[in-house]
Amino acid sequence: QVQLVESGGGSVQAGGSLTVSCATSDYTDSDICMAWFRQAPGKEREAVAAIRIGALTPEGYADSVKGRFTISLDSAKMTSRLQLSTLNPEDTARYYCAARFTRWCGGNWRHPDNYDAWGQGTQVTVSS
């Protein structure tokens, strides 16, 4: 069974930057769409960004992170990274990696049901 493992979370002051990563294990195919979601206490899980293998540009970003976050996918390592910059306290959440094991990201990359596997999450805390 494919596992997703996030890393790179931590605490940072407002205005700072952080990079979180998601590595796949035991995945030998070449088609994948990877996404990042986040969930803050008391709030619903929010789609942050998604990218599919071979794409020139990501599938999309949440409006709240456009221009500040950048998603990437290393097709050789099957690892996704999310670079978070100009962070603010509203970005505080647990960040989850998700994967869909097809070449396409499906009809709605923002919907959690679109994905086949999830990581355990990594905490990002932004202090003011």
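Just so we're clear, the structure is a prediction, and the values are computed from it rather than from any experiment. Note that the numbering runs from 1 along the sequence shown for the chain.
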At what distance, to the nearest 0.5 angstrom, does [atom1] of [X] lie from [atom2] of [Y]?
X	Y	atom1	atom2	result
Met34	Glu59	CE	CD	13.5 Å
Ile51	Ser75	CD1	OG	10.0 Å
Cys97	Trp36	SG	CH2	5.0 Å
Ile71	Arg81	CD1	CZ	12.0 Å
Thr28	Met78	OG1	CE	9.0 Å
Ser64	Glu46	OG	CD	4.0 Å

Smallest separation among heavy atoms of [X] and [Y], with atom names:
X	Y	answer
Lys66	Tyr61	CE-O, 3.5 Å
Val65	Val48	CG2-O, 3.8 Å
Ala40	Ala93	N-CB, 3.9 Å
Trp109	Ala47	CZ3-CB, 3.8 Å
Ser128	Ala14	CA-CB, 4.2 Å

>> Check for me, please, whether Tyr115 and Leu4 land in the same ILVMFWY cluster - side-chain distances under 4.5 Å, paths through other members count.
In response: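 Looking at the clustering, Leu4 is in a separate group from Tyr115.
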Side chains of [X] and [Y], heavy atoms from C-beta outward: is any pair under 4.5 Å?
X	Y	result
Ile32	Thr24	yes
Phe69	Gln83	no
Val124	Val20	yes
Leu73	Ile53	yes

> Can you name the side-chain contact (heavy atoms from CB on, under 4.5 Å) partners of Asn114, sequence neighbours left out?
Replying inline: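 Once residues adjacent in sequence are excluded, the partners of Asn114 under the side-chain contact (heavy atoms from CB on, under 4.5 Å) criterion are Arg100.
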> Hey, mind stepping through Leu82 and Thr70 against side-chain contact (heavy atoms from CB on, under 4.5 Å) and telling me if it holds?
Replying inline: CA-CA 6 Å; Leu82 184 69; Thr70 303; over 6 Å; no
Say whether, by atom type as modelled, one donor and one acceptor occur between the side chain of [X] and the main chain of [Y] under 3.5 angstrom.
X	Y	answer
Arg94	Gln120	yes
Thr86	Arg68	no
Thr122	Gly9	yes

>> Taking the cut-offs as 6.0 angstrom to the six-membered ring centre and 45 degrees off its axis, would you call Arg38 and Tyr96 a cation-pi pair?
In response: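 Output no; distance or angle outside limits.
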> Trp118 ring centre to Arg45 NZ or CZ under 6.0 Å, with the angle to the axis within 45°?
Replying inline: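 Positive - Arg45 is close enough to the ring of Trp118 and near enough to its axis.
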> Of all residues at least two apart in sequence or in a different chain, which pass the ring-ring contact (aromatic ring centres under 6.0 Å, His included) check with Tyr27?
Replying inline: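 Testing Tyr27 for ring-ring contact (aromatic ring centres under 6.0 Å, His included), a comparison that skips the adjacent residues, returns Phe101.
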> What residue among Thr92, Leu87, Asp91 forms side-chain contact (heavy atoms from CB on, under 4.5 Å) with Val12?
Replying inline: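 So, applying the side-chain contact (heavy atoms from CB on, under 4.5 Å) to Val12 and each of Thr92, Leu87, Asp91, only Leu87 qualifies.
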> Hey, mind stepping through Asp31 and Trp104 against side-chain contact (heavy atoms from CB on, under 4.5 Å) and telling me if it holds?
Replying inline: CA-CA 8 Å; Asp31 293 333; Trp104 308 103; over 6 Å; no
> Which side-chain hydrogen bond (donor to acceptor under 3.5 Å, both in side chains) pairs, counting each pair once, include a residue from residues 4-15, with sequence neighbours left out?
Replying inline: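 Of all non-adjacent pairs touching residues 4-15, none passes side-chain hydrogen bond (donor to acceptor under 3.5 Å, both in side chains).
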